[in-house]
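Single-structure report; data block below.
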2 protein chains.
Amino acid sequence: MTCSMKDLNGKEYKCFFELTLLVIGGKWKPIILYFLFREKVLRFGELRKRIPEVTERMLTKQLRELESDGLVHREVYKVVPPKVEYTLTPIGERLIPVLESMREWGVEYEEFLYDGEVLKGEGYEKK
Amino acid sequence: MTCSMKDLNGKEYKCFFELTLLVIGGKWKPIILYFLFREKVLRFGELRKRIPEVTERMLTKQLRELESDGLVHREVYKVVPPKVEYTLTPIGERLIPVLESMREWGVEYEEFLYDGEVLKGEGYEKK
DNA sequence: CAGCATCCGACGGGATACTG
DNA sequence: CAGTATCCCGTCGGATGCTG
């Protein structure tokens, strides 16, 4: 496995792990992708409701990045009031199994944490 | 899927995707994990040789985080000159299939990029 | 050999206010 | 409704130098 330098929209990556991380690494991207996968078509405001903690600015930014990376399709309707719908592209959908496997490992990992190998005697508290 | 707030070593996460991203998200972590998976036992200097671009500081930092997150085991031999060996823990090994699926998607995604949906007419160049 | 300490720049991401 | 435009700050990660 040689890891030569390539780049994606100005961001560098040395191997395919990193390429994938570049694309899904934004703070809100996995959640956005997951909601789009579950509900197929969502408007901007609908996404906001489903992810209440995100600010408009960040939601816009992350969606634009997902769009320019080709994972999300943005359909603009020329009406008043404005209407914009977001959907996954085919390559975006192919990412879902990866997210699923990450989720599964996360579940397992959390159990591991509570079983105490790491947190043994460190005063960790669950909120 | 409700996403309530929890935290891992002070870092917050709302769902299992994010938990996994917290743990593997460091710039050099996937590569470190992958080399440890392939070669089972590696000393600090051996890791450096395999990842020439990383600085000592960053390699140390990422290894310490992986260790405190329970993915990597650090074995210190009290000899002169110092000798430290790194290995994957069981939960660390269980992460490998996830990294593999990320790598596979990355390969597919790169093909998609070169087929031009995203880069069509944007002057993208392969180095 | 395997590190830690310090300094520093870049940028990811938050808060707030404004608009076609 | 679906965004921009500013401002700002914390952190990630690089460079360099020192040590048990």
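Everything numeric here is computed off the predicted structure, so don't read it as measured data. Each chain gets a letter, A, B and so on, in the order its sequence line appears, and its residues count up from 1. These values consider heavy atoms only, across backbone and side chains, with no hydrogens, waters or symmetry-generated copies.
- Below 30°, between 30° and 60°, or above 60°: for Phe37(B) and Tyr34(B) the angle between ring planes is between 30° and 60°, a tilted geometry.
- A straight line from CH2 of Trp28(A) to C1' of dG14(C) spans 10 Å, rounded to a whole angstrom.
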Problem - Working for salt bridge (charged side-chain N to carboxylate O under 4.0 Å, His left out), residues Glu39(B) and Arg50(B) - result: CA-CA 11 Å; Glu39(B) 315 202 30; Arg50(B) 277 154 186 77; 2.7 Å; yes
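- Of the residues in residues 54-65 of chain A, those with a non-hydrogen atom less than 4.0 angstrom from any atom of DNA chain C are Thr55(A), Arg57(A), Met58(A), Lys61(A), Gln62(A).
- In this entry the distance linking CD of Glu85(B) with P of dG3(C) reads 12 Å, nearest Å.
- Of the two residues contacting DNA chain D, namely Pro81(A) and Pro82(B), the nearest-nucleotide position lying further toward the 5' end is that of Pro81(A).
- Between Tyr86(B) and the options Arg43(B), Glu75(B), Arg74(B), His73(B), a side chain to side chain donor-acceptor pair (under 3.5 Å) holds for only Arg74(B).
- Each end of the helix from dC1(C)-dG20(D) to dG20(C)-dC1(D) gets its own rotation axis from five pairs of C1' atoms, and the angle between them is 50° to the nearest 10 degrees.
- We find that CZ of Arg43(A) is positioned 8 Å from P of dC1(D), with the value rounded to whole Å.
- Leu22(A) places its CG atom 12 Å from the P atom of dG13(D), with the value rounded to the nearest Å.
- In this structure, Arg64(B) pairs ionically with Glu67(B), as a charged nitrogen and a carboxylate oxygen lie closer than 4.0 Å.
- The side chain of Lys49(B) places no N or O atom within less than 4.0 Å of a non-bridging phosphate oxygen (OP1 or OP2) of dA2(C).
- One can place NZ of Lys11(A) at 8 Å from P of dC11(C), the figure rounded to the nearest angstrom.
- Using a 4.0 Å heavy-atom cutoff across all strands shown, Tyr86(B) reaches sugar-phosphate atoms only and no base atom.
- Proximity of Lys83(B) to the phosphate of dG20(D): no side-chain N or O atom is located under 4.0 Å from OP1 or OP2.
- When the P atom of dC1(C) is taken as reference, atom CZ of Arg74(B) falls 16 Å away, rounded to whole Å.
- Between Arg103(A) and Glu100(A) there is a salt bridge, since a side-chain N of the basic residue sits under 4.0 Å from a carboxylate O of the acidic one.
- One N or O on the side chain of Thr89(A) and one on the backbone of Gly70(A) form a donor-acceptor pair closer than 3.5 Å.
- The existence of a salt bridge linking Lys6(B) and Glu110(A) is confirmed by a sub-4.0 Å separation between a basic side-chain nitrogen and an acidic carboxylate oxygen.
- Whole-Å rounding puts the Glu18(B) CD to dG13(C) P distance at 10 Å.
- Using a 4.0 Å cut-off between a side-chain N of Lys or Arg and a carboxylate O of Asp or Glu, Glu108(B) and Arg94(A) qualify as a salt bridge.
- Although no hydrogens or angles enter the test, the distance criterion places no donor-acceptor pair under 3.5 Å between the side chain of Arg48(A) and the main chain of Phe44(A).
- Rounded to an integer number of Å, the gap from Leu21(B) CG to dG13(C) C1' is 15 Å.
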